[in-house]
Amino acid sequence: MTGVDTLILELASKQETFTLKEAYQCCHVSLDEEKTKVRKRLSVLASSGMLVRKGSGTYALSDKPIFRPNVSNGVKDLYESLKSKYPFTKVCVYEGPWISPLLHHMASNQTIYIDVEKDASEFVFDHLRSDGVKAYYKPDEDMIYRYVNLDERNVFVKNLVSEAPLQKIDGIPVSTLEKILVDIYCDKDFSYMQCSEYMRIAENAITLFNINKTKLLRYAKRRGAKEELEEIYNDRLKS
């Protein structure tokens, strides 16, 4: 943590909200820092979950953790195997057990979700199948109902939407909570979590974690669901 970070967090602890201008004035007086560096550190602190954005150029101290789940050894091994085979292909992963705590009724979901650049997703799927992995390619509601047992370890391969919000945990690109919430709303393989169940998922996610509404809605726009999700989250997320 830098000296600028310490001063910003001290300012945040004394005020309900503060502005970029106030943070700059505080850091400039004490450390003679430039505005560009203060802006950059504010962005880093917000991305880490230590601060939350309350509006344009306005910040507050976060009272909730950012979503950073543990990546299982099985997922780490699978990711390393894929990167060895497709080193230049953009891949992200997440796991069903990360979603279960958000559900109203705790449900077992042992699926590994692999999102892959569109041009390579079928190749990755074929590679997994040839390796004996129980994989499904872009499964829909009917496929889930007929053939998939979510209590078992399955792998779902789907297309990675460009500019999807990702984070790295243990060096592995994984979905942020914002991406997961949008994917659950949009993807056919999550049909059993949609409608009224989705409202409970949204409420639980907001209660437990710090959510960046701007990031969520930017991704929702790329998925063609901005208006619907804006209606859901505007009343629940004021930042």
Nearest heavy-atom contact between Val4 and Cys27 is CG1-SG, 3.8 Å
| Do Ile144 and Tyr136 come close enough that some side-chain heavy atom pair is under 4.5 Å? | no
Taking every heavy atom of Phe18 against every heavy atom of Ala60, the minimum-distance pair comes out as CE2-N, 4.2 Å
To the nearest 0.5 Å, atom CG of Asn154 lies from atom CG of Asn149 at 7.0 Å
Find out whether Leu78 and Val93 are in side-chain contact, i.e. whether some heavy atom of one side chain is under 4.5 Å from a heavy atom of the other. no
Applying side chain to side chain contact (heavy atoms under 4.5 Å, CB included) to Val44 and not counting sequence neighbours gives Arg41
_Quick check on the hydrophobic clustering: are Trp98 and Ile66 connected, directly or via other members, by side-chain heavy-atom contacts under 4.5 Å?_
no
### Query
Is Glu95 close to Pro69 at the side-chain level, that is, under 4.5 Å between some pair of heavy atoms?
no
d(Cys26 SG, Gln15 CD) to nearest 0.5 Å is 9.0 Å
(Q) Can you tell me if Lys215 has over 12 outside heavy atoms packed within less than 6.0 Å of its NZ? (A) yes
Taking it one step at a time, do Leu9 and Leu51 satisfy side-chain contact (heavy atoms from CB on, under 4.5 Å)? CA-CA 8 Å; Leu9 293 174; Leu51 295 177; 4.0 Å; yes
Just by distance, do the side chain of Arg153 and the backbone of Ile112 share a donor-acceptor pair under 3.5 Å?
no
Correct closest heavy-atom pair for Tyr137 and Ser121 would be OH-OG, 2.9 Å
- Item | Tyr59 side chain near Ile8 side chain, heavy-atom distance below 4.5 Å | no
Show your working on side-chain contact (heavy atoms from CB on, under 4.5 Å) between Ile211 and Leu181 and close with a plain yes or no.
CA-CA 10 Å; Ile211 296 173; Leu181 290 172; 3.9 Å; yes
Item checked: Cluster overlap Phe88 with Leu128, hydrophobic side-chain contacts below 4.5 Å -> no
Practice prompt. Determine whether Val157 and Leu160 fall in the same hydrophobic cluster, where Ile, Leu, Val, Met, Phe, Trp and Tyr are linked whenever their side-chain heavy atoms lie under 4.5 Å apart.
Written response: no
Side chain to side chain donor-acceptor pair (under 3.5 Å) pairs touching residues 79-89, sequence neighbours excluded, are none
d(Thr17 OG1, Leu61 CG) to nearest 0.5 Å is 12.0 Å
To the nearest 0.5 Å, atom CZ of Arg53 lies from atom OG1 of Thr58 at 11.5 Å
Are Val182 and Val161 side-chain neighbours, meaning at least one heavy-atom pair lies under 4.5 Å?
no
Between Leu102 and Asn204, the two heavy atoms sitting closest are O-ND2, 2.7 Å
Across all chains, not counting sequence neighbours, the side chain to side chain contact (heavy atoms under 4.5 Å, CB included) partners of Pro65 are Phe209
By side chain to side chain contact (heavy atoms under 4.5 Å, CB included), Glu203 pairs with (sequence neighbours left out) Arg236
Interatomic distance, CD1@Ile184 vs CG@Leu103, rounded to 0.5 Å, equals 7.0 Å
For the residue pair Tyr94 and Phe190, does the interplanar ring angle fall in the parallel (under 30°), tilted (30 to 60°) or perpendicular (over 60°) class?
parallel
**Study point:** Candidate pair Tyr185 and Ile232, rule side-chain contact (heavy atoms from CB on, under 4.5 Å), full reasoning
**Key:** CA-CA 11 Å; Tyr185 186 85; Ile232 291 171; 3.9 Å; yes
Is any side-chain heavy atom of Tyr113 less than 4.5 Å from a side-chain heavy atom of Asp189? yes
Between Thr19 and Glu22, the two heavy atoms sitting closest are N-OE1, 2.9 Å
- Between the main-chain N or O of Ser100 and the side-chain N or O of Asn109, is there a donor-acceptor pair closer than 3.5 Å? no
Would you check if the side chain of Arg222 reaches a backbone N or O of Ser162 as a donor-acceptor pair within less than 3.5 Å? yes
query = With a cut-off of 6.0 Å (strictly less than), are more than 12 heavy atoms of other residues, nucleotides or ligands near CD of Glu141?
reply = no
Smallest heavy-atom separation, Lys134 atom then Glu152 atom, equals NZ-OE1, 2.8 Å
Residues 165-179 vs side chain to side chain donor-acceptor pair (under 3.5 Å), sequence neighbours excluded, gives Arg68-Gln167, Lys76-Asp170, Asp115-Lys179, Ser175-Lys179, Thr176-Glu178, Lys179-Asp183
CZ (Arg218) and OG1 (Thr214) are apart, to the nearest 0.5 Å, by 6.5 Å
(Q) Applying side-chain contact (heavy atoms from CB on, under 4.5 Å) to His127 and Val133, what does each step give before you reach the verdict? (A) CA-CA 9 Å; His127 168 68; Val133 176; over 6 Å; no
Original post:
Between Asp140 and Lys138, is there a donor-acceptor pair closer than 3.5 Å when you use the side chain of the first and the backbone of the second?
Top reply: no
Ring pair (Phe, Tyr, Trp, His ring centres under 6.0 Å) filter on Tyr145, not counting sequence neighbours, yields none
Would you check if Glu197 and Ser191 make a side-chain contact, meaning some heavy-atom pair closer than 4.5 Å? no
- Task: Report whether Leu166 and Val116 are members of the same hydrophobic cluster (ILVMFWY, side-chain heavy atoms less than 4.5 Å apart, transitive linking).
- Result: no
